[in-house]
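Report on the following structure.
Here is how names work: the chains are called A, B, and so on, in the same order as the sequence lines, proteins then strands, and each is numbered from 1.
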Number of protein chains: 2
Amino acid sequence: MLKRRTDTCISCETCNERSPLFSLLSSEELRIMNTNRFEVVFNTGENIVKQGTSSTHMIMITNGMAKMYLEGFDKKNLMLEIITPWKLFGGPGLFTDYRYHYSVSAITETSACFISIDNVRKVLRLNPDFAEALLKHCSQNGVSNFQRLISLTQKQMHGRLADVLLYLSEKIYHSEHFNLNITRQEIGEMSNMTKESATRILKEFELAGIIKLDTKEINLLDVPKLKQLSLHG
Amino acid sequence: MLKRRTDTCISCETCNERSPLFSLLSSEELRIMNTNRFEVVFNTGENIVKQGTSSTHMIMITNGMAKMYLEGFDKKNLMLEIITPWKLFGGPGLFTDYRYHYSVSAITETSACFISIDNVRKVLRLNPDFAEALLKHCSQNGVSNFQRLISLTQKQMHGRLADVLLYLSEKIYHSEHFNLNITRQEIGEMSNMTKESATRILKEFELAGIIKLDTKEINLLDVPKLKQLSLHG
DNA sequence: TATTATGAATGATATAAAACAATAATATCT
DNA sequence: AGATATTATTGTTTTATATCATTCATAATA
């Protein structure tokens with residue numbers, strides 16, 4: 001579905017303040033980035049990128065919410081992140097094998113802005129600050145992946161679920177009280193457990209007074225306890 | 001222990017052909033890289049980098065073998081790679097928080113060459129090809145981490161051990177017949193299982209005629225079968 | 001409003017893999 | 001070479017977690 005142009009998104013110049021990476025660029029460089037740029041609105045559930053297809057664009061969501069996930073064996077997904085506006089993605093394939101290495105799909109109706117990777121490459125060769133910032137961006141993803149590896153391989157379910165709740169609260173909903181717009185299945189995909197286990201442990205947390213739970217509505221009552229659970233194995 | 005200078009390693013100019021990243025550099029850029037560069041020999045078991053300390057250097061092994069691993073909870077390690085000569089490392093911290101995010105220790109006596117990160121940064125700003133190559137290097141690590149995440153979270157022990165055997169054969173020993181210089185404990189750290197499980201499954205593979213096993217000596221008899229095991233969950 | 005889908009909750013059972021324990025085989029040191 | 005430490009093997013038990021099965025609740029649709 002095509003999006004009507006609005007005065008908030010006519011060109012990169014007008015929305016560059018939204019992403020730290022773009023604020024490093026000159027007008028001329030922004031003009032390059034803006035060339036062939038397009039924006040598309042996705043309905044809930046639709047794929048924004050599909051793992052395995054050609055990676056031709058660096059993408060940024062300007063509105064809505066999406067999930068980034070690895071497609072594993074037997075339709076089992078591992079969710080990497082929930083993506084909110086101004087977070088840049090496109091992944092490691094952009095500079096290696098020109099394939100997307102994960103899928104991204106819309107959790108709510110989502111507008112996404114597509115910037116051609118050729119233009120990104122042009123600018124990165126013109127602007128060393130931008131090149132360094134991209135390298136930093138890539139490195140930060142590397143650090144996150146290390147944390148994920150340790151969390152998923154060395155913590156058991158309670159710790160992993162605590163990690164998810166803290167992530168949702170701190171990084172996504174910016175509140176200790178939030179209304180989930182993801183399913184138990186998806187909570188399981190974030191913490192590598194079945195939906196049944198996710199349900200069960202949420203209930204346990206409620207019984208232990210750590211959270212207040214009303215299906216989709218979650219209230220973190222004891223954040224220190226969650227942090228302690230997160231630290232245990 | 002300091003290493004005597006030899007005619008094979010007086011400066012980066014003389015060993016630049018060893019690493020694809022260095023072949024992109026001009027003499028002047030190599031001279032910058034070579035400034036304050038030093039080489040140290042580590043004994044078996046010694047730390048080359050220690051997770052959590054300041055990351056000040058990009059490092060390359062010129063001789064020997066080392067292991068790169070994440071230190072997790074309760075002294076439980078997760079080995080990321082075995083490092084052999086000319087593989088560059090230093091990790092995601094070099095461009096983010098200036099901390100090493102993993103440890104590297106010598107499996108055999110190992111010589112390592114330390115290049116100041118300030119010099120790397122200087123050169124990356126001078127040479128867009130090098131900048132792009134570093135970004136590619138970082139991205140490739142990202143791809144490997146995705147594969148690792150899926151392998152460790154979605155495969156069970158037989159599949160994970162098959163992955164390790166194939167990795168050792170293809171990437172490290174370059175033969176289907178090799179003499180391990182790592183312990184069962186370390187095989188466990190590569191595949192996220194206990195040393196007892198590693199022993200047991202190696203034995204099972206032997207009984208199934210997939211490998212020939214004599215403690216440290218391993219012979220892959222049925223590589224297709226290992227690949228098939230690797231694909232299953 | 002009745003009727004399907006879809007998601008959530010809960011219980012019973014099965015199983016992969018860790019933890020524990022003990023012995024056997026190597027390697028290292030004196 | 002003998003003594004000690006490290007590593008490998010093997011068996012038994014325990015536990016975390018998946019799987020299966022069913023009911024309940026909520027949302028979408030006719």
d([atom1], [X]; [atom2], [N]) in whole Å:
| X | N | atom1 | atom2 | answer |
| --- | --- | --- | --- | --- |
| B/Q154 | D/dT17 | CD | P | 16 Å |
| A/M193 | D/dT19 | CE | C1' | 16 Å |
| A/L180 | C/dA9 | CG | C1' | 16 Å |
| B/N192 | C/dA16 | CG | P | 17 Å |
| B/Q156 | D/dA18 | CD | C1' | 10 Å |
| B/N181 | C/dT26 | CG | P | 18 Å |
| B/I187 | D/dT9 | CD1 | C1' | 14 Å |
| B/D74 | C/dA19 | CG | C1' | 13 Å |

Where along residues 195-206 of chain B does a heavy atom come under 4.0 Å from DNA chain D, residue by residue in number order?
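Here the set is B/E196, B/T199, B/R200, B/K203.
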Quick one: label B/D214 by what it contacts on the DNA or RNA (base, sugar-phosphate, nothing), any heavy atom closer than 4.0 Å.
nothing
May I ask you to verify if any side-chain N or O of B/K216 is less than 4.0 angstrom from the OP1 or OP2 atom of D/dA8?
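Answer yes for this pair, as a side-chain N or O of B/K216 is under 4.0 Å from OP1 or OP2.
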Ignoring backbone atoms, establish whether A/T215 has a side-chain N or O less than 4.0 Å from OP1 or OP2 of C/dA8.
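Answer no for this pair, as no side-chain N or O of A/T215 is under 4.0 Å from OP1 or OP2.
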Show your working on side-chain contact (heavy atoms from CB on, under 4.5 Å) between B/L135 and A/C138 and close with a plain yes or no.
CA-CA 7 Å; B/L135 196 53; A/C138 184; 4.1 Å; yes
Out of C/dA19, C/dG7, D/dT7, whichever nucleotide has its closest atom nearest the side chain of B/T194:
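Of the options given, the side chain of B/T194 lies nearest C/dA19.
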Answer yes when A/K195 and A/E186 have at least one side-chain N-carboxylate O distance shorter than 4.0 Å, and no when they do not.
no
So, are A/K76 and A/E71 salt-bridged, with charged N and O less than 4.0 Å apart?
no
Cationic tip of B/K67 within the cone over B/Y69's six-membered ring, i.e. under 6.0 Å and within 45° of the normal?
yes
List the steps and the verdict of side-chain contact (heavy atoms from CB on, under 4.5 Å) for B/I48 and B/I83.
CA-CA 11 Å; B/I48 298 170; B/I83 303 185; over 6 Å; no
Give a yes or no on this: more than 12 heavy atoms of other residues, nucleotides or ligands lie within 6.0 Å of atom NZ of B/K171.
no
Can you tell me how far OG of B/S55 sits from CZ of B/F95, rounded to the nearest 0.5 angstrom?
9.0 Å
